[in-house]
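Okay, so here's the structure we're looking at.
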Amino acid sequence: MTQLITPLEGSAETWREQLHEPRVPPELIPPARAKPFERLRHWQARHRLREQRARDVFEASRRPERGLPVAENRQVTRFLVDLFKHRRTMIVIMLVLNGLAAVAGLLVPRILGSLIDAASATGTLAATLNGLALAVAGVVVMQAAMTFLARASATVFGQDVLASAREYVVRTVLQLPLGRVEGASSGDLVTRVTRDVGSMSNSVRQGVPEAVIASITALLTIIAMLLNSVWLSLPLIFTGVLLIIFVRRYLRRAPKGYITEGGTYSDINTTLTETVEGARTVEALGLQGTRNRTSDEDMAASGQAERYTMALRNLLFVGMDTGYQVPLVLTLLLGGVGYVNGWVTLGQITAAVLYIQQVTDPLSRLIRNLDRLQVGIASTTRLLGIAAVPQDREPGEERPTGTQIQGKDLRFAYRPDHDVLHGVDLELEPGERLAIVGPSGSGKSTLGRLLSGINRPRTGTVNVGGVELTSLPLPVLRTEVALVTQEHHVFVGTIRDNIVLAREDSSDEVVIQALRTVDAWEWVERLPEGLDTMIGSGRMNLTPAQAQQIALARLVVADPHTLVLDEATSLIDPRTARHLEGSMAALLHGRAVVAIAHRLHTAHDADRIAVVIDGKIAELGSHDQLVAADGEYASLWRAWTS
């Protein structure tokens, strides 16, 4: 029996046999067996290699060839200063309340020291001890109240800053040049607006207030120790020197490590997104193993990045623990020497021991929050990298005096020195219907993007009414020219909300008429809630064809004078698409329409047809003229009708 279907083994093998550098080099794999000192030497070598890799990734992330960059340190500083300077009152309240809570907590060791000194003295102690005990109780109650108010103020401050930061991120993302967004991986952008926003949120809500509280408490505790006894405060010098050494070392390396770690999360999300979106292709070509291996490599690379930052934290914590434990022993030794020589009392020694233990907690919290803040700063740096993307246009003051669109000497490249359009000249008359046809990859969609102002040409200009398209503000541009592609998006909201996005003051009558125009009112009307039906993620699922009809209805309401339809009906079955295009004919009357399509019945009905071959307009004319010329279009038409 003759086999009618040939398996697509070639396509699958193309993916399976792709040679690439391993994400994790062999030098980062620990030896299976080794002696303790050899293991330590291997670990040091791996740590140095991870540090070098983090440094390389960090440097490359500032000015990547493709994708989104990360921001410079000064941009992060300016962003944080702007966030905080408008909240001076909240910051003052937070500092005062935390200061009062810290002072209340510092009174207890001093009172306990006085108790010990009083117990060591001769005479009647009952009244003195009772008074001091009541003082301790009062101070504890006051400290609890101040601590509650301080944390409440810190929470309010953190949430307020977080809200402003999120609004900034949303505004920034919406202002990104569309071409640059499409050049970035979906996983990178998703990671930045999800995980990085979450990390920044955690730092703002918890890291910043905790760091402020710990700093105030540590500072006031050190002052209290000095007031208690300068002699017994000398061990703090050891703690300070040790912490400065370890913290400086950590802060020099941590930003690069966390930037690298965030980049690996973007890789994981990109692979996962591609696999999910291409699940049918993966299954058809038997690529499950390949995709699993790619995912495993991404996670292994992420694991190496996390091992590096974990090592940095562990080294920091070793210094912290040493800096906390040794001063306690030194305080007792100095206390013994001072007491024998009559320099300090037992009460001062007791207070100093309590203070030295008490200062370790805020210092520990401060340094531990440094790690949390480093994660937050790295995430903020990645988020602000979105804002660092240069705009691809500068809005001007001129406005069109007509509706005619002219393109002259249009060249465009997605990569340097690789033009996909080569000196295209095209003039679109008002009310004309122009079809653009040609083989896949010939530059049809790119030309449509230039004619709709999505991208700026590398050379040449596209004018509407005598004004360069990309010099128009986007709200003005979209009332002049609108692009609808085969890609569509449904926002969470009602059907009405999705359709009136371009003109929010549109009435229900306008919305219904738009739905009728695109043959969608019949199925919308049957829904239990009609126009109020909630659609989008987690709500009613629309079929691809229904979603595309919603996108077309949105275009109808926007009411631009020129439409660029790039396979706008590709997800609708041919019969419905043909009927839909007929229904839209009345709407399109009087408007200029650029229709990019593989279905040549669209070209048959057009006033003119532009045949794009290898980035150039090879033929231009009506259907009858081009068929009679017996050129490229005639060949396409014969293939289509056969």
Side-chain angles (χ1 to χ4, degrees), residues 40 98-99 101-121 132 135-136 139-140 143 147 210-254 311-374:
L40 177 60
N98 281 291
V103 169
L106 295 173
L107 291 176
V108 174
R110 195 64 181 266
I111 295 173
L112 291 176
S114 300
L115 269 172
I116 291 175
D117 286 338
S120 303
L132 291 175
V136 170
V139 167
V140 170
Q143 182 190 16
T147 301
E210 284 287 338
V212 171
I213 295 170
S215 300
I216 295 173
T217 306
L219 178 62
L220 293 177
T221 304
I222 292 171
I223 293 173
M225 287 189 69
L226 292 170
L227 293 175
N228 177 62
S229 170
V230 175
W231 171 254
L232 296 175
S233 302
L234 292 178
L236 288 176
I237 298 175
F238 175 83
T239 300
V241 170
L242 200 63
L243 292 184
I244 287 173
I245 293 172
F246 277 87
V247 170
R248 283 188 61 188
R249 182 185 184 280
Y250 168 79
L251 291 179
R252 283 200 304 268
R253 293 165 174 78
L312 294 178
R313 291 193 297 272
N314 288 339
L315 292 172
L316 175 64
F317 295 154
V318 167
M320 287 170 51
D321 291 339
T322 305
Y324 297 153
Q325 300 303 323
V326 173
L328 179 60
V329 177
L330 294 178
T331 301
L332 291 173
L333 292 174
L334 291 176
V337 173
Y339 183 73
V340 170
N341 289 280
W343 300 338
V344 293
T345 66
L346 288 176
Q348 287 177 303
I349 296 173
T350 303
V353 170
L354 292 174
Y355 280 139
I356 203 71
Q357 289 180 316
Q358 195 165 318
V359 78
T360 59
D361 178 60
L363 282 176
S364 177
R365 282 189 286 119
L366 175 61
I367 294 176
R368 288 179 188 277
N369 273 289
L370 279 179
D371 180 64
R372 179 182 288 168
L373 291 174
Q374 285 300 308

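Quantities reported herein were computed from a predicted structural model and do not represent experimental measurements. Just so you know, residue 1 is the first one in the sequence shown, and it goes up from there.
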Exercise: identify the closest heavy-atom pair between [X] and [Y]:
{"X": "Val344", "Y": "Ser229", "result": "CG1-OG, 3.5 Å"}
{"X": "Ala352", "Y": "Thr331", "result": "CB-CG2, 4.0 Å"}
{"X": "Gly319", "Y": "Leu243", "result": "O-CD2, 4.3 Å"}

What distance separates [X] [atom1] from [Y] [atom2], expressed to the nearest 0.5 Å?
{"X": "Tyr250", "Y": "Gln374", "atom1": "OH", "atom2": "CD", "value": "5.0 Å"}
{"X": "Leu226", "Y": "Trp231", "atom1": "CG", "atom2": "CH2", "value": "14.5 Å"}
{"X": "Leu251", "Y": "Leu312", "atom1": "CG", "atom2": "CG", "value": "10.5 Å"}
{"X": "Leu232", "Y": "Leu330", "atom1": "CG", "atom2": "CG", "value": "11.5 Å"}
{"X": "Gln348", "Y": "Met225", "atom1": "CD", "atom2": "CE", "value": "11.5 Å"}

#### Entry: Arg249 side chain near Leu316 side chain, heavy-atom distance below 4.5 Å
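Counting from C-beta outward, Arg249 and Leu316 never come under 4.5 Å.
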### Task
State, yes or no, whether a side-chain contact exists between Thr350 and Val353 at a heavy-atom distance under 4.5 Å.
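Thr350 does not reach Val353 side chain to side chain.
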### Query
Is it true that atom CZ of Arg248 has more than 12 heavy atoms of other residues, nucleotides or ligands lying nearer than 6.0 Å?
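No - once you tally the heavy atoms of other residues, nucleotides and ligands closer than 6.0 Å, there are 12 at most.
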#### Entry: Candidate list Leu242, Val241, Leu236, Leu234, test side-chain contact (heavy atoms from CB on, under 4.5 Å), partner Phe238, passing option
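Looking at Leu242, Val241, Leu236, Leu234, the match for Phe238 under the side-chain contact (heavy atoms from CB on, under 4.5 Å) is Leu242.
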### Message
Using the side-chain contact (heavy atoms from CB on, under 4.5 Å) definition, which of the options Ile223, Thr221, Ile222 pairs with Leu219?
### Response
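Going through Ile223, Thr221, Ile222 one by one, the side-chain contact (heavy atoms from CB on, under 4.5 Å) with Leu219 is satisfied by Ile223 alone.
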